[in-house]
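First up is the structure itself, then whatever we jot down about it.
This is a predicted model, so every value here is computed, not measured. Only heavy atoms go into these numbers, but all of them, side chains included; no hydrogens, no water, no symmetry mates.
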Amino acid sequence: MHHVLQHPLSSHVLTHLRDRTTKPATFRTLSHQVGLLLALEATKDLPTKDVAIETPLEPMQAPILAQSLVVVPILRAGLGMLQPYTDLFPSVSVGYVGMERDHDTAEARSYYCKLPPLEGRRVLCVDPMLATGGSAIQALNVIKEAGATDLRLVTILSSPEGVSALESAHPDVPLITAAVDRELNDQSYIMPGLGDFGDRLYGT
Ligand code: PRP
Ligand code: URA
């Protein structure tokens, strides 16, 4: 259950994100741009309900959003994908899950969690990179334990290994991603990838 975003602007932005000469300020702008395209894709089936309004010319029944949204960025790199949701969705709530990969073993460790009520709401967990899948799988475990049932994962780059791991661990969670790359290297980096997203986003 994974969906790869098909949009020429997304491909264009991704190319500049991958480019090693792209500096952090531009990298942040590009992350916001592809994050916005992904946010639209991940929410295009949100339910609506009709309400009565009056235009300047006549009364009408018109649709408004019927389900509220929770976005959960995985710290720290997921913060680079947050702003499109807070810009677009008037009543969005934001939760946070902190996960960090050990540099030697690539195993994810949870260091923070703060979530709003999740029952009955569309929950989008956002993290730019799905590499081994360890961080996302653990974050989704935590989010499910907190009560989420309508849950999706949104990433910018994914590896085939991460997609398989996610589909085994959470077959009920659709993945929306901008690209699935070739493979992981022996340090569990996505190839050809874009390097360490968090470091490039924050210039560390
Ligand atoms: C990166 C990325 C994901 C994770 C993906 O975070 O943002 O959370 O790696 O790798 P995985 O699928 O193998 O778990 P990192 O651990 O580098 O932390 P950061 O966001 O603080 O930079
Ligand atoms: N995390 C990153 O930031 N990049 C990768 O390629 C893999 C994990």
Side-chain angles (χ1 to χ4, degrees), residues 1-48 63-65 67 69-90 92 94 122-133 135-136 139-140 150-167 170 173-185 188-203:
M1 272 224 290
H2 70 278
H3 174 73
V4 181
L5 180 64
Q6 304 292 339
H7 196 294
L9 179 59
S10 160
S11 309
H12 175 91
V13 169
L14 211 44
T15 298
H16 292 291
L17 279 172
R18 291 180 188 281
D19 186 336
R20 64 181 305 160
T21 67
T22 299
K23 302 238 166 6
T26 309
F27 195 90
R28 287 192 285 275
T29 303
L30 295 166
S31 302
H32 178 267
Q33 289 172 347
V34 70
L36 176 56
L37 294 169
L38 284 163
L40 293 174
E41 190 71 17
T43 53
K44 70 180 183 191
D45 61 344
L46 270 180
T48 59
I64 59 167
L65 294 175
Q67 190 184 22
L69 194 68
V70 179
V71 59
V72 183
I74 301 180
L75 303 176
R76 118 196 107 137
L79 290 175
M81 298 171 71
L82 175 60
Q83 197 189 332
Y85 299 91
T86 52
D87 283 351
L88 288 174
F89 292 94
V92 67
V94 182
R122 168 75 56 89
V123 183
L124 299 175
C125 177
V126 302
D127 188 336
M129 307 300 271
L130 180 69
T132 64
S135 305
L140 293 170
D150 181 356
L151 179 57
R152 286 151 205 221
L153 176 68
V154 186
T155 68
I156 294 176
L157 274 193
S158 303
S159 72
E161 295 89 338
V163 173
S164 303
L166 175 74
E167 286 175 350
H170 293 288
V173 178
L175 168 68
I176 297 99
T177 188
V180 179
D181 271 10
R182 190 180 69 243
E183 62 186 353
L184 293 180
N185 70 9
S188 298
Y189 274 81
I190 299 174
M191 300 296 285
L194 53 71
D196 187 306
F197 198 99
D199 285 353
R200 297 196 62 195
L201 188 68
Y202 294 119

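Heavy atoms only, all atoms of each residue included: His2 and Glu167 are closest at ND1-OE2, 3.2 Å. Here the closest non-hydrogen pair linking Arg18 and Leu157 is NH2-CD2, 3.5 Å. When all heavy atoms of Leu14 and Ala178 are compared, the pair lying nearest together is CD2-O, 4.0 Å. In plain terms, the two heavy atoms of Ala136 and Ile74 that are nearest each other are CA-CD1, 4.0 Å. Contact record, Val163 with Ser158: CG2-CB, 4.0 Å, taken as the closest heavy-atom pair.
Between the side chain of Ser164 and the backbone N or O of Pro160, at least one donor-acceptor pair lies under 3.5 Å. Side chain of Thr43 to backbone of Leu46: no donor-acceptor contact under 3.5 angstrom is found.
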For residues 24-36, dump all side-chain donor-acceptor pairs below 3.5 Å to protein atoms at least two apart in sequence or in another chain.
unit_1: Arg28; atom_1: NH1; unit_2: Leu201; atom_2: O; d: 2.7
unit_1: Thr29; atom_1: OG1; unit_2: Ala25; atom_2: O; d: 3.2
unit_1: Ser31; atom_1: OG; unit_2: Phe27; atom_2: O; d: 2.7

Atom pairs and distances, side-chain donor-acceptor, residues 189-198, under 3.5 Å, sequence neighbours left out:
unit_1: Tyr189; atom_1: OH; unit_2: Asp196; atom_2: OD2; d: 3.4
unit_1: Asp196; atom_1: OD1; unit_2: Gly198; atom_2: N; d: 3.1
unit_1: Asp196; atom_1: OD1; unit_2: Asp199; atom_2: N; d: 3.0

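To the nearest 0.5 Å, the span separating OG on Ser135 from CG on Leu75 amounts to 11.5 Å. Lys44 contributes atom NZ, which lies 4.5 Å from atom NE2 of His3 (distance to the nearest 0.5 angstrom). Rounding to the nearest 0.5 Å places CZ of Arg152 at 8.5 Å from CE of Met1. Note that CD1 of Ile156 is 12.0 Å distant from CG of Leu130, once rounded to the nearest 0.5 Å. Here Asp181 contributes atom CG and Ser159 contributes atom OG; the two are 8.5 Å apart, rounded to the nearest 0.5 Å. Distance check: Glu183 CD to Glu161 CD gives 7.0 Å after rounding to the nearest 0.5 Å.
At a threshold of 4.5 Å between non-hydrogen side-chain atoms, the residues Thr22 and Arg200 count as touching.
Remark: Pro63 pairs with Thr48, Asp50 by the side chain to side chain contact (heavy atoms under 4.5 Å, CB included) rule, at least two apart or across chains.
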